[in-house]
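Keep in mind the model is a prediction, meaning the values are calculated, not measured.
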Amino acid sequence: MKRRVWISIAVVLVFMLSCTLISFKNYTSGLNRVTVAATAPNQIRRSISVNGMLRFAESETIALPEGCKTELLVKKGENLSEGASLCQVDTDDLQLTYYETLVQQQALDAQASGDAAGQLAKLKAERCAEKAAELKALLDNGGLITAPFTGQVTSISVNALTLGDLSGDGYFEWTLPLEQMDDFSLIGITAAGFSQSVNIETPLYDEVRRCYSFKSELVPLSKLSEPMDGMRAAIKLQVISDEYPAVLPKSCIQHGSDGGSYVFLLREKETVLGTEYYLQQTGVTIIDEDDLNAAVLASLKDLVIASTRPMKDLETVLVVE
């Protein structure tokens, strides 16, 4: 009889234990699973992306004869070899201009003397002689203006065209509003097959436009696959801070309706079923941040860095590796 009683009691206890285990398993399976870590020393890297453009560092402006009909044989952006035809000047107009310049030179030579007016006439006569020599050389070449070196036509106006030297260097320039100015330590530039970090010259501040003008160090144009004066370039400016003692992933930080920032820390307490873990909402002060990380005022341990669902203050959780 006693044996049957003890057997019955044992069966009941086993059943209750099984139910308890099943209930506990179901309970824990419904808990929010979290992963914890701690703040660590690190740097903050902020970056700004702006548009810039390439400029040729070496160029020559070729003046077109005044008062002469001209036919441009090139267009802006065209690459030319040394000796290539740039412009055809009407030889009749050119000859007329040449002889007018000679007459003017002779008249000025006659006025040359030792006084101030005579010295002025002498200087003007010398300039006329230089101009006449240039016109004579152009006449001898049939009125054809040619490229003095291998280059690219970077600008064309009524009285001149500019040829950039493709065998030389170039630089990149861009502007930045005053409010975005910082102590940039790394400049990355990408353009026409060119992608690398470069140094910059001291930026100049424009008080009227309230912006800074930047210019990179010289870069050989040969490093660009298809250099074009004025072509757009992607400029990435980066600020690398000193090392902060407490940095955490920015994804850990949440923001309250009052504008404050907070994180969740893992806490523990003892219950009849053993150690139970729960969350504690804790305010933090952000002193610097970038796209991925944030530096906070105080170091934190048992910081929740990931969870399976949104977290709540004092919520019981399950810790996973």
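The residues Lys136 and Asp140 are annotated as salt-bridged, a charged nitrogen and a carboxylate oxygen being separated by less than 4.0 angstrom. With respect to the salt-bridge test (charged N to carboxylate O, under 4.0 angstrom), the residues Arg45 and Glu289 do not qualify. Remark: Glu173 engages Arg55 in a salt bridge, criterion side-chain N to carboxylate O under 4.0 Å. Under 4.0 Å is where a charged nitrogen must lie from a carboxylate oxygen, and between Asp288 and Arg46 at least one such pair does.
The number of heavy atoms from other shown groups lying within 6.0 Å of CZ (Arg309) is above 12.
In this pair, Tyr262 and Phe264 present their aromatic rings perpendicular. The plane angle is above 60°, beyond the 30 to 60° band. Ring planes of Tyr205 and Tyr212: tilted class, angle from 30 to 60°.
Checking Asp109, Leu108, Val103 one by one against Cys128, the side-chain contact (heavy atoms from CB on, under 4.5 Å) holds for a single residue, Leu108.
A distance of 12.0 Å separates OG1 in Thr91 from CG in Asn141, rounded to the nearest 0.5 Å.
The cationic group of Lys223 does not satisfy the cation-pi geometry with Phe194, failing either the under 6.0 Å distance to the six-membered ring centre or the 45° limit from the ring axis. Judged by the 6.0 Å distance and 45° axis criteria, Lys269 is positioned over the aromatic ring of Tyr278.
A donor atom on one side chain and an acceptor atom on the other are not found under 3.5 Å apart for Thr162 and Thr154.
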